[in-house]
Structure formats: C-alpha cells, structure tokens
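Read the structure below first, then the notes.
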Amino acid sequence: MQLNPSQSAAVEHDLGPMLVLAGAGSGKTRVVTERIARLLQRGVSARSILAMTFTNKASAEMHERVGKLVGSKLARELTVCTFHRFGLDVLGAETKALGLRGSAFAIFDQSDCTGVIREILRELRSGRSYDVGAILARISNAKNAFQTSEAWEEAQRSGKGIDEYDEVAMLVYPRYQAALRSFQAFDFDDLICEVVNLWKRRPDVLERWRTRYRYVIVDEYQDTNHAQLELLRLLGTHRNVVVVGDDDQSIYAWRGADVRNILDFEEHFGGAKVVKLEHNYRSRAPVLDVANAVLARAGGRRHRKTLIATRMGGDKVQHVICADPDVEASFVATEAMRLLEREGARPRDIAVLYRSNLLSGPIEAALKERQIPIRMIGGTQFFERKEVKDLIAYLKVALNPEDEMSLRRILNYPARAIGDAAVAKLAAHATARDLILWTAVSRPHAVHELSSAAMEGCRQLVRIVEATRQRFERGEPSAQIARALLVDAGFKEDIVAGSTSNSAAARRWGNLEGLLNVFTRRDEQGKGDREQFANFLRLLALRQESEEEEATDRVTLSSMHGSKGLEFPYVFVIGLEEGIMPHQRALSERATDAAPSGGEGEVVGHSIDEERRLFYVAVTRAKDRLYLCRAKARGSRGKLVPRTPSRFLLDVPEELLAEREEEGPQAPEIDKTKAGAASVLAALSFNPFSANQPVIPRRRP
DNA sequence: CGGCCAAGCATTTTT
DNA sequence: TGCTTGGCCG
C-alpha cells in the first residue's frame, strides 16, 4: 500500500531533528522501517544508524521488518536494540574508562535491587517495616534526575513537604549506591545514567560514540525518562535525531516516564520538524469514534490529534452491563465461543483486556471451561521468578566464585542451617582476612564459632558447586549441567515441600523446565565456551519471556498495559467500573506512591489522565469489534459490593454505544456458590488438576 | 535455625 | 478472598 502524505513526509525527511506523532494504528513501525531503508538507499552507512526501542520484542520486530526491506545482510549492520541494551554495550565497551576491576559487571534486576534495600533496612534497624518497592521507586526517580543523594536531600528539604518515605529513601540511597558498586553491579537505571555520567565526564569517549552513530531513531518516545533524554541530547549533536511516539499513549509515568519529553521535544531539539500521523489503518469507524470521544475529555497538555478512520462500516461498540463478575466472564466466554464457531474467528483474533491482573481469574476459568485455549500476558517476568533465579545463581557461582550476590542467594537455599548468624560470621571472617566470601565458605572449619550444622551446610554447598564446576570444565552441555544441579541441590524436593499446592509446585517446576529448554536450545545452536555461557547468564536479566509461544493460536488475556502495541480483530475490555478503571489508587493517593521527580504537584489529576489514556490504549487495540463490559457488583476482598460505571464509559456519547444487559444464567439462583462450583466441575469432566501439571518424578530415596 | 501461625493487605511492570 | 510477611516458639 502507498504511503499517505504525512507518512511519506516522515520517511523522506532529510536532515535535522524530527518528531513523528503517531496516533494509535497509524502505521508507525512502517514509517520507521521505511525511513531506515530510505537512509540506506541514500548511501548512509548501516553502521552509523542506531534505532532504540523499549522492549526486546519491539526491536526484534523492527529489525526483522527492516531486514525484509533491505535484506538481512545489510540489516545486520544496523544497531537496533533497547535503550538498556545500548547502555550496556556502551558500558561494556568502556570498562576501562569506567575504572572497573576486570571487564565484567553484574546487572541487577528489580528483585536483586529490592533485596539490597531490604538488607540495608535491616542494618538500619528502623524498627518498622517499609514497602521496599516504594523506596526503590524514589531512589530510581532521583537517579534518573541525576540527583546525588546530597543534592536530592537538599532539594527535598528546601522544597515542599517530604514524607516518611522520602526520609527513608534519602537514608538508603547512598548506601544502596555503595552496595551496588561494591558488587560491581549496575541496576537498570545505571545502564542509562552511568553512560550519561561517563559521557559528561569524558568528552573524548562521547566523541567516539557520536561519530559512530550519526542517525538516531527512538520509538515509543512518550515512555522515555529524563536520563534517556539526556543520553539522546548528548548523542544527538549531529541533530539527526528522529523520535516517534504518541503522548496520548503515555501510560508509564508511574514508572518514571516523563511525558514532557515528547511535549517539549521542539524545545529540546531546536528547529525540529513535527509530523502528525492521524490516519488510522487499524480500527473500524465505530471503534475510533469511541476512542476519540475518550480523548476529547482528556485534560493536561497534549499534542492535539484526532484519529481519522480509513476502515468504514462495522458494528457499534457494545456496552455490556453484567450482574456480577461471573456473569461477565460467562458473557465473554459465550460470546468468544460464538465468534469462533459462527464468525470464523481464530482464537488468536480475540483478546480480553483488564486493568488489573486480579480480574483475569473468572475469565480464565470460563474460557477453560469451554476448552478455549488461552495465553496470558503479564505477571512476573520469567527470569525474575524465584526458582529460576535460584538455579541461575548456582550456575553463576560455579562459573565465578567471586559473584557474591549469587553466592549469598544460594548459601542457604535449599535450607542447610546457614542462617543470618552464620552468614554474618562467614562474611566477617572473609572481610577480616581480605578473602572473598566463597573462600570462607570453602573453609568453614576456620571460621570462628560457626555452628557445626552450618559447617556441614557449607561443605554440602561446596560439594554441589564443585561438582557443577567440574562439569563445566569437562565441557558438558549447559542443559545437562543444570539438570544435574537441580538433582544435586534438591530443588524438586524443596519446591514440593515449599509450595502451598500441587499446582503451584508444578508451575514452579515447569518454570525450571522452561529454563532448561532455553539452555538446550542454546546448546543446540553452536553453544560456545564457559565464558560465553557466563555472559549469556548475565544478560538474562535484560530478557523477558523465554521466547516461546507467540505463534500459538490462543485467546489473549492481558492487562491493559501489557496490550500496548498489539491489535486484535475482537477485543473485550472488562471491569469498566469506578475504582477499577480508573483504579482506586489513581483516585486517592497513598503514602507509598512515589511522585515522579520534578512533577508539578496535582498528582491526583495527573494520574486520572493517565488512566484515561490507558483506557484509550485498550480501546484502540480493537480492529473490528469492541465490547466494553462492566459489572453492577464485584467482590472486593471477599464481599460483593455494588459498582458504578467507569467515568470513562459515561464520557462516551450514548449514541456511539449499543447497550445490553446480561443477567446471567437463568438457572434459578438457588445456592450460588454450590451451583457454581458443581457446574464448573461437571463441565470440566476431567481431572482439573491434570491439565497443566507435569508429572513430578519422585527422586529415589 | 526453621517451621508454623496470624495478621495485614492487596495496580499497572517494556528493562 | 487468598497470599505474603513477620514474629514467636520449639
């Protein structure tokens, strides 16, 4: 298909900064990929082009699509990666300038970081428990604003009120930074901030990167934070900076994204050209009418855009009013069934979106009941799951005994009598003699006053790690090594013993199998030596899913956030009630909420707008048909509570919606709970536990 | 040190 | 309502 005039303007644009305001479904990726192809055609060297995205998935897709246009050989020369990956590569290439011991550093994910903070809080013995996530969020905000702990403290004290969490965060921040440095580790924020710091400190280093990358393209620009803007400003002196985004889809302010980056782009990069892509090629007119109505009420500063439909016709958007969540779920499932059987829809054409993952339960059950295959997006990232991290930590220690963070993680996992006291003794012993912790662990008899149980625990751990190390030396495939390790360390027993239910244990074991599969796949493709494997493990923190599925034909269940960038012919949005969408937390502030640094007060109004944009994102996922569902009553910690319709729903003019009521199964409401459970079991007609429960082989005694 | 029980509390989560 | 967390006791 031909490009429209705005699209070609963006593709053809020559020199100088440009902001492409790409409304939902306006062919943004196409514009970016065609633009890259165009640059290459004009003789720009592929090596001088840098395209940054936020997710691995987005960068993979972009890379692939450019490859289709220009050939994979040329595409390989391009740098298409996530912001964080770029930061990592810069830091990795500049270890000398950074003054790091050795060339490797660790990358700490969220749980590593909260672990560090938990430890610091324990040392501070504040006598009260805190939400570590809230503290981390504040530290993260400060870091991204390049406030040192002192400057931050100063700013906070002179400025308006500081709350309790600010106080603690101030106390923790410098210790947290010091701890990271002592582990020679970077957190995700550091991957960006430390690049900026380095470049500011060392103009000569910056100059090298500037000459290398003369064309920079950034996707989803509305999601960038202050540090990323700084990085871009430093790198973009050639002024060939092109950013693409949509301020109306800014939904990550709570994670530190600063929508002002996209609003003020023209100020940050003087003389910028602005192109608006307002033609929508995704959704039918009735869907877009609703989307535009939602935006019409948006407050705050915006780059005003109105989506223009190109796909006319189509059904009115349905407003489905359900008696309760079970009715809602059965409506969704029944309607999905109808679409599959009568309208020729494939499962992959259907998505169910919700504000909070908590809402997925009934839908999941209702779809399963009808044997409809589902795929869930969201939840804890694969590589952040505890058991996965435990196994990785073992492997890391076996490959590098100096990795103290990983060692501490596995020291007493599974439990082997090395508690807090024993760890403290081991650490004290090591520090006093200037040894690494591992050395102390391998010679427990030398450690003063270590209990004999703990000593035995150390010996056991050393045996396991040592056996693993030898396997690596013999060059066994990594999957095989990991499998043996699982047996040696007794993961299975611990998981079975430590899980509340069989299905939980099965799920966790399944995650380990998933990790083994990742290893196997890697083993099969050429593999590489121990060092490469160690590096691979290190990079897992930056990777999301175990890169499976995708191609599977299933109904998608996703949080609204998780659905960004996706599209489906049929979309159900559920739970459109006050308190859920917008979420309660957006309506009333909580002490643990971290206000984005530099934010202009009025936090509450701010977040309501973000909720509205989130609703807009959800609506614009739909191509052909959209169902907006709400329940008249919904459980809130156990009790069924009446619910009022979401204000966003009320903002949509009535004539744009087709309203229908769902009363639920006419089956006389005898005993709801019993009838419900019984009918579910009857419908399943097979053992509900056998479904996703891999057989757990018993280990020989 | 580890297991058990009770209280508290519960968004969203690209890297 | 169901899970995590922390405190207490064996």
Side-chain angles (χ1 to χ4, degrees), chain A residues 52-59 81-88 107-111 113 118 122 128-133 136-137 140 186-192 219-220 222-225 227-228 249 251-257 325 353-359 361 377-381 383-384 386 412 414-423 451 453-454 457 497-501 504 539-545 558-566 575 579-587 590 592-593 607 610-611 613-615 617-618 634-641 673:
Chain A
M52 287 188 285
T53 61
F54 275 85
T55 64
N56 293 303
K57 202 173 144 213
S59 70
C81 63
T82 63
F83 260 103
H84 296 268
R85 179 65 206 227
F86 176 71
L88 174 73
I107 302 164
F108 278 15
D109 65 22
Q110 180 129 349
S111 65
C113 297
R118 222 168 257 131
R122 203 166 344 180
R128 163 194 187 310
S129 65
Y130 291 96
D131 175 346
V132 282
L136 183 61
S140 170
F186 291 118
D187 64 16
F188 288 148
D189 296 322
D190 287 330
L191 293 180
I192 313 293
D219 190 23
E220 303 282 13
Q222 74 282 353
D223 293 335
T224 51
N225 62 25
Q228 286 154 342
Q249 293 184 67
I251 54 174
Y252 283 109
W254 55 273
R255 250 174 132 266
L353 310 180
Y354 33 80
R355 173 64 236 258
S356 152
N357 288 128
L358 259 52
L359 300 188
I377 296 182
T380 329
Q381 288 301 306
F383 293 108
E384 294 226 7
K386 184 191 174 300
N412 199 33
R416 50 172 80 89
I418 309 177
D420 290 345
V423 174
S451 73
S499 299
T500 45
S501 68
L539 294 182
L540 287 184
L542 283 180
R543 285 246 301 260
Q544 44 171 13
E545 261 321 306
S558 171
S559 66
M560 295 180 180
H561 284 90
S563 73
K564 194 165 77 151
L566 305 177
I580 292 178
M581 185 74 224
H583 194 272
Q584 194 56 43
R585 287 286 281 271
L587 299 166
R590 287 278 289 261
T592 50
D593 296 336
S607 37
E610 183 152 312
E611 297 283 301
R613 293 190 294 264
L614 184 56
F615 182 49
V617 167
R634 190 179 297 271
S636 133
R637 19 203 125 185
K639 320 181 238 297
L640 216 56
V641 171
T673 50

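Naming convention: chains lettered A, B, ... in sequence-line order (proteins, then strands); numbering from 1 in each chain. Everything numeric here is computed off the predicted structure, so don't read it as measured data.
- The side-chain heavy atoms of Thr55(A) and Glu220(A), taken from C-beta on, include no pair separated by under 4.5 Å.
- Regarding Asp219(A), its CG atom lies at a distance of 13 Å from the P atom of dT15(B), rounded to whole Å.
- Aromatic stacking is marked for His583(A) over dT11(B), as both cut-offs hold: 5.5 Å for the centres and 30° for the planes.
- Contact annotation for Ala422(A): backbone-only contact, meaning every heavy-atom pair under 4.0 Å involves sugar-phosphate atoms and none involves a base.
- Comparing Lys564(A) and Ala415(A) by the nucleotide of DNA chain B whose heavy atom lies nearest to each, the residue mapping closer to the 5' end is Ala415(A).
- Among the heavy atoms of the strands lying under 4.0 Å from Ala421(A) are primed sugar atoms or P, OP1, OP2 only; no base atom is included.
- The minimum heavy-atom distance between Ile580(A) and Gly575(A), with the atom names listed, is CG2-O, 3.3 Å.
- Of the candidates dT15(B), dC1(B), dT14(B), the closest approach to any side-chain atom of Phe54(A) belongs to dT14(B).
- Among dT14(B), dT15(B), dC1(B), the nucleotide with an atom closest to any side-chain atom of Asp223(A) is dT14(B).
- Looking only at side-chain heavy atoms (C-beta outward), Arg85(A) and Leu539(A) come within less than 4.5 Å of each other.
- When the nearest nucleotides of DNA chain B are assigned to Gly419(A) and Ser356(A) by heavy-atom distance, the more 5′-ward of the two goes with Gly419(A).
- Base orientation of dT12(B): anti (glycosidic angle beyond 90° from 0).
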Should Ile192(A) and Phe86(A) be marked as a side chain to side chain contact (heavy atoms under 4.5 Å, CB included) after you check the CA-CA gap, both sets of side-chain angles, and the distance that decides it?
CA-CA 8 Å; Ile192(A) 313 293; Phe86(A) 176 71; over 6 Å; no
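- Closest to the Trp254(A) side chain, of the nucleotides dT12(B), dT15(B), dG2(B), is dT12(B).
- The CZ atom of Phe615(A) sits 16 Å away from the C1' atom of dT12(B) (whole-angstrom rounding).
- Which of dC1(B), dT11(B), dT15(B) sits closest to the side chain of Thr55(A) comes down to dT15(B).
- Asp420(A) comes within 4.0 angstrom of the backbone, heavy atoms only, and of no base.
- The nucleotide whose nearest atom lies closest to any side-chain atom of Tyr252(A) is, among dT11(B), dG2(B), dT13(B), dT13(B).
- Residue Arg634(A) contributes atom CZ, which lies 17 Å from atom P of dT1(C) at whole-angstrom precision.
- For DNA chain C, each stem of at least three Watson-Crick or G-U pairs (distances under 3.5 Å) is given as range with range: B:1-9 with C:2-10.
- A 4.5 Å side-chain heavy-atom check between His561(A) and Tyr252(A) finds at least one atom pair inside the cut-off.
- Here Thr82(A) does not reach the OP1 or OP2 of dT15(B): none of its side-chain N or O atoms lies under 4.0 Å away.
- Counting all heavy atoms, side chain and backbone alike, Ile107(A) lies closest to Phe188(A) at CG2-CE2, 3.9 Å.
- Remark: the Arg255(A) side chain and the dT15(B) base include a donor-acceptor N/O pair separated by less than 3.5 Å.
- Minimum interatomic distance between Thr53(A) and Asp219(A) (heavy atoms only, all atoms of both residues): CG2-CB, 4.0 Å.
- Note on Asn357(A): every side-chain N or O is 4.0 Å or more away from OP1 and OP2 of dA10(B).
- For Asp190(A), the side chain to side chain donor-acceptor pair (under 3.5 Å) criterion is met by Lys143(A), Arg181(A), not counting sequence neighbours.
- When rounded to the nearest whole Å, the span between CG of Asp131(A) and P of dG8(B) equals 17 Å.
- Distance Met560(A) CE to dT14(B) C1': 18 Å, rounded to the nearest Å.
- Whole-Å rounding puts the Gln584(A) CD to dA10(B) P distance at 12 Å.
- Close to dT15(B), at under 4.0 Å from its OP1 or OP2, lies no side-chain N or O of Asn225(A).
- The listed nucleotides are dT15(B), dT11(B), dG2(B); the one nearest the side chain of Gln110(A) is dT15(B).
- Taking every heavy atom of both residues into account, Ser111(A) and Glu384(A) meet most closely at N-OE1, 4.0 Å.
- To the nearest angstrom, P of dT12(B) lies 13 Å from CD of Gln381(A).
- Between dT14(B) and Asn56(A), no contact under 4.0 Å exists linking OP1 or OP2 to a side-chain N or O.
- At the heavy-atom level, Arg355(A) lies under 4.0 Å from base atoms of the strands shown.
- Rounded to a whole Å, the OH atom of Tyr354(A) is 10 Å from the P atom of dT12(B).
- Comparing atom distances between the Ser559(A) side chain and each of dT15(B), dT12(B), dG2(B) picks out dT12(B) as nearest.
- Separation of the C1' atoms belonging to dT12(B) and dT5(C) is 23 Å when rounded to the nearest angstrom.
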